[in-house]
Structure formats: structure tokens, C-alpha cells
Enquirer: 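Pasting a structure here, questions to come.
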Amino acid sequence: MRETSAAALTGFFTCLLLVPAGADAARPLVNDKKAPEGRADLDVIQKHLTDSLPATRKATVCIDLGEGSGSGVVVSPEGLILTAAHVTGGVGKEFTVIFEDGKKVKAESLGLVASSDCAMAKITEEGTWPHIEVDRGDTSKLGDWVYSLGHSGGFDKERGVVVRLGRLVQVKDDTVQSDCSLIGGDSGGPLFDLTGKLIGIHSRVGMRTQENMHVPVREFVKNWKGMLKSEFIGEGPFAKKPEKGKGFLGIGTALRAEGGLKIDKVGRESPAEKAGLKEGDVILKLDGVELTTKEQFQDLLKEKAPEDRVALELLRDGKPETLTLRLGER
Amino acid sequence: MNAKPLFSAALLLASNGLLPGAQTLESAYRTNGPAVQASFESVRDLLQSSSAVIQRGRKEIAYGTVISADGFILTKASELGDINGLTVTVGEKIYTALAKLAEDPAWDVALLKIPAEGLVPVSLAVDSPDPARGTWVVANGATSRTRRRPQVGIISATAREIEPAGGAVLGVTLEEKSKKLRVTEIHEKSGAKTAGMKTGDIIVAAAGKKVADREALGKVVAKLRVGDDLDLTVQRDGKKIEMKVRLAGRADLFGEEKTRNDSMSGDFSERRSGFPRVIQHDVIANAAGMGGPLLDLDGRCLGMNIARANRCETFAIPAGDLKSLADRLISKGAGK
């Protein structure tokens, strides 16, 4: 009994000792002044900013969607990226990610939170990627000096990543507002505290330059596991959930006497054509389910939404093949 | 397939700016609130002595950068318009007798002269490398008759050239007919007009190469920049005529297409592209706020503000380039 309480007490003290000590070391004192008191304080802000910038710039990426772009930030050596839901627009989307030095790599979106504009993505190429630390302890406060990074208006190698300084001017559970002004292309980019820890992701702006809204990292931390598992979380303005029954493959089939469905037509520009399906191929199984009638095949497809992946087992020229493809939208 | 990302190029525009029930920082303590600006007071003193306010009547149209004790001032040329009726305020003194001595179209800079003595010119940081990202900068903010106010920010990006929006153009409309390239319209302000081109002229060669269609001509023009001269051969009434056409910026002649980013950018500069080299910072100014000095915390002049590019990007001519430009304009204006 006594031992137990001693252990608890030790634990209690450890907490008391460690947390503030850690916070003191990390948190620049200038944040706790209502305003900088002169040159020395301004120098402190500038020093923190310029010291942390090399690492934060390296981890900030342009998300090139082909018909537009946003920004994002790498948060693990394996290439996990945090960005905004309205940038990825869905789960399992493929795009190109560009680092400040111009290096381009392939990436794919994981899960998102449609109600608060959080999204996760992952670099799909092998490598160890420059990344930054997430302020999981949620230590930022109203009035803190912060800075935004982003590939404003798209990637520009000559210009590089753009940085803007500001303070946290409004704090709410699912949104923080800063006076670091943002513009198109910054969406999904990182908001850092002066030590270079990630505290938010750029989401939206008001017409006034002081109205720049970011998703706080606590919203990401809260939904981390679900996003890692590629879940589409919540409903809301920032991403539209693909509707069941609207998944589109783009083939015509006929039942084959020996079993399976024989493809007698492949739609031009259809997901089927893009995935390499050909007339004459025989589909034996869809997601492991043996196909017995056309109606059954259609019923199975009705359960799918656009962007869903389906696995097909085929016979091509008598040889078995497997193929995975992503459905389009009907 | 309509599941494409629709608004990825832009940032979402929030429907409501204010969040009810949130903790809010008083405006005095925001980045450009008076309490924060107070710590830049020593730099503000320099804005008071070394920046000029250029007005038409009561309306501010631009700022200026004082570069000599006897009244040479640099400013943004395209904002000036007719020089008559302008006043220049330095410190608390208002000057009505001003002259425009010279202008540089590539940099969009004009050299003004006021009859003054004992002014405090800016101290140009000519020997330093480009200021690094994150460096504090101070520029002219709103102003009163007697007092210059500061607006603060940081260096945002790498110094670079800003290419003219839309690229270089001859400034003509062409018609392609039976393998001939005929001029149907000529812009009044174009180099083609100045060079004496006429509608009906057939362009047969550019830079010594035969051209018979838009594509061929386009290939030649694409290699050139605004301000370059292009040798053209045109056919008129059966005669071949050689001419040199100075290329203009597409946006300068035909205006610019407004993007979604522009629609959220307020009052940006009309001339905001086509600069040989700029440094970029995040001081929020309006179009009439250009032409003044960009100062660091030591009061050194890092450059002169030349364009509010959009909501959060302002361009300044770097100090070194500004120095050589000033020298050039002063010797050019010496004869006047």
C-alpha cells in the first residue's frame, strides 16, 4: 500500500518537474509578454525564426494536383504528410509532392476529417524524408508568435517556400486564427511556433488580411489513428464523401459457360481501360467473390463508391492474372 | 469523372470571419497593433526623416525614398500620373515645386527632385547579401500630415526576377491566311506602333528567320524578354521593309486576367510584374503605399517598395540594384 502511494507520488512529482521544465526550455519567454518591449525582444523573435527555418522549410511541400496545388508538411521520416482535407479532396488520391529543392515524389492521400479540414497523406516512394515535430502537447496559446510556410500560388523554385510572421489572434477548439496572411496555394501548409514545432495547418481566410484560419494540431492528434487507416471521418464542407452506388468500372460482360464473366466491351477512357482490361478477358472473382451471374456482379459493384479499389481475378489468354484498380465516378 | 478537386488552387474563403465564443487577442497587440509597433520606434524615426509622402490634393498616391540631402527622391513611376499638382512631404515640410528628372521603365522607378537641403538620405545596405528569410522589416504604413507610421513584417522568400505577366509581345493582332501572317490590329502603346508597323503589313521574317504562321513567330518571341528589340521584315505594297520592334509586356498592354487569388487581395499594384530583381516581404500595404524605403532594425535601407503583388506579398527593389539605378537616373537627369 505504502509502496504504491510512494510510486504514485513519485510519478506525480515527475510530472510536475518534467512538464514545466520542458515547457520552459521550449517556449520562448517573449510569447508571454503582451508586446515586445524593445529591440532585444524583436531580436529574440527573429533569432528563433531564422534558427528554426532551415528544418521547417525542408519539410514543407507543395502538393501538386495537376489542376491546382496546395501545401503540406512531412511529419515522419517515412513520409507521413499532414495537409488540409480540401486539398486532398478524398481518400486514396494520388498526386505529386514537391520539396523546396525541387525534388518530386509520388504520394497518396490517407484519411481526412471533412468537418474540420484535416487530412493525411503518405509519400509512396522509398526513402527517409526531412520532417518536423508536431506539438502533440498542444502548448501554443493566444498571443504566441507564430509563422506560416507555404508554396503560395504553386511551386516556384527560384522563390522557394514563403514565410510570414504573425501572432495567434483567436483560439477556438477546432480553429485557430493568426495574422500570418495566407493566399491560394498555402492551403494545407504548416503553421509553426517559434521553436519550429507544428501547431496548425492552413485552412481558409476571410476577406480581411488578419483573418487567416488554421486547423489546430489537436484536431489532427484526436483523429490520428482513423486518418492513418484511411478513414473518411465526419461530414462537412471540406470534402465530399464518395457515394455508394456511383462507382464506375466501364465494361460490358457476358456470362461464360465455364464460369466467370467475359468482357465484350471496354469503355473508352474508362477506369477499366486505364487499368488495362481488354476485350476477351474473363473476370473470375471480384474482391475474392466468385462471379456467377451478371446481376450478382452488378450488385457487388453497387456497394462500391468512386475511388474505391477493387481486386479482380482474371483469365487472360487462358492464364490467370490479378489486377487492382480504382473505380471512377458514374 | 467529375470527382476532380475543384478549389485546390485557392484557399477556401471563410464564410464568417469571426468565431463566436473564442478567445481573441486585442487589436493593439496584433502584429501590426500599436503596442507592437511601439518597439520599432527608432526605425520609425527614419521613416519620418527619409521617406516622402507624395499626394495629389489630400490623396496619397505613393511614397518616396530620399536618396540625397539636396532633394533627390526615388518613387514608383507608374503611380505618379501627371506630375503637375503633386506635393511631396518630407518630415513635416511640404514641397510643391517638384520635377521629374528621369524614369526607368524596366524597374518602374522615377527620379524626383525637390528644392531642399539638409535632408537625411537613407543609408542603403549595398554591401550586404540579400536579407535572409525571417529578417524584420519596416515600411511606411498609414500616415498623417505630420507623422509617418510604420508597418512591420519579415522577409518572406528568396530574391529573384519577377517575369512580366503573360510574357513579351509585339502588341499586334495577326491573321493567318493562305500561309501569310497579316497584321490586322496594332496596339497604340506597342513597340510595333512606334516602329511604324501598319495594318495590312505581312510579317515575313523575324530575327532573320522566315515566319509564315503564328507558331513560328511565337517561337522567336518566346525566346525574348520585355524590352528586347526584335528585327522584323514585313511586306507592304510589294516592298520589303525592315524594322526593329521593342517588345512590351502582355499585361502592360492588355491588362491582366484576374485570378481567384487577386479577388482576395484588395488594392494591389497595377504594375506588379516585370522587375529584374526583387526581395519579397509580408508587410501589408496598399497600391498607394509603394515607393518608400524598406528598413531593417538597424535602420539600414534594404530596398525600396515597388509593388504590392497580392494580399500578402510585397516586392522591393534590393538596395544594391537601387543604388546603381539611382546613379544611372541621376546622371541621366543631370542635363535637365
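Below, read A as the first sequence line, B as the second, and so on, with proteins coming before strands; counting in each chain starts at 1.
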Enquirer: Report which part of B:Ile162 has an atom under 4.5 Å of a heavy atom belonging to chain A: side chain, backbone, both, or neither.
Expert: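 No part of it gets close to chain A.
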Enquirer: Tell me, for A:Leu168 versus chain B, whether the close heavy atoms (under 4.5 Å) come from the side chain, the backbone, both or neither.
Expert: backbone
Enquirer: Quick check on B:Ala132 against chain A: is it the side chain, the backbone, both or neither that has a heavy atom closer than 4.5 Å?
Expert: neither
Enquirer: Find out whether B:Glu26 and A:Lys34 are in side-chain contact, i.e. whether some heavy atom of one side chain is under 4.5 Å from a heavy atom of the other.
Expert: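 Yes, close enough: below the 4.5 Å cut-off.
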Enquirer: So, do A:Ser181 and B:Ile284 sit near enough that their side-chain heavy atoms are less than 4.5 Å apart?
Expert: yes
Enquirer: What part of B:Glu313 lies closer than 4.5 angstrom to a heavy atom of chain A: side chain, backbone, both or neither?
Expert: side chain
Enquirer: Taking the side chain as everything from C-beta on, heavy atoms only, tell me whether B:Trp136 gets closer than 4.5 Å to A:Asp43.
Expert: no
Enquirer: If I measure from the heavy atoms of chain A, does B:Arg160 come under 4.5 Å with its side chain, its backbone, both, or neither?
Expert: side chain
Enquirer: Heavy-atom distance under 4.5 Å to chain B: side chain of A:Glu100, backbone, both or neither?
Expert: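 Looking at A:Glu100, just its side chain touches chain B.
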Enquirer: For A:Asp156, is it the side chain, the backbone, both or neither that has a heavy atom under 4.5 Å from a heavy atom of chain B?
Expert: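 Contact with chain B: side chain only.
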Enquirer: For a quick test of reading the model, state the closest non-hydrogen atom pair linking A:Gly166 to B:Thr31 and the distance between them.
Expert: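 Closest pair (atom of A:Gly166, atom of B:Thr31, distance): CA-OG1, 3.2 Å.
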Enquirer: Would you say that A:Leu142 contacts B:Tyr29 through its side chain, given a criterion of any heavy-atom pair below 4.5 Å between the two side chains?
Expert: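 A side-chain contact under 4.5 Å is absent here.
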Enquirer: Side-chain contact test, heavy atoms from C-beta onward, threshold under 4.5 Å: evaluate it for A:Asn212 versus B:Arg311 and give yes or no.
Expert: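 Yes, side chains in contact.
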Enquirer: Go through the atoms of A:Leu42 and report whether side chain, backbone, both or neither lie under 4.5 Å from a heavy atom of chain B.
Expert: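 Contact with chain B is through both the backbone and side chain of A:Leu42.
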Enquirer: Please classify the contact of B:Gln280 with chain A as side chain, backbone, both or neither, using a heavy-atom distance under 4.5 Å.
Expert: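 The answer is the side chain of B:Gln280.
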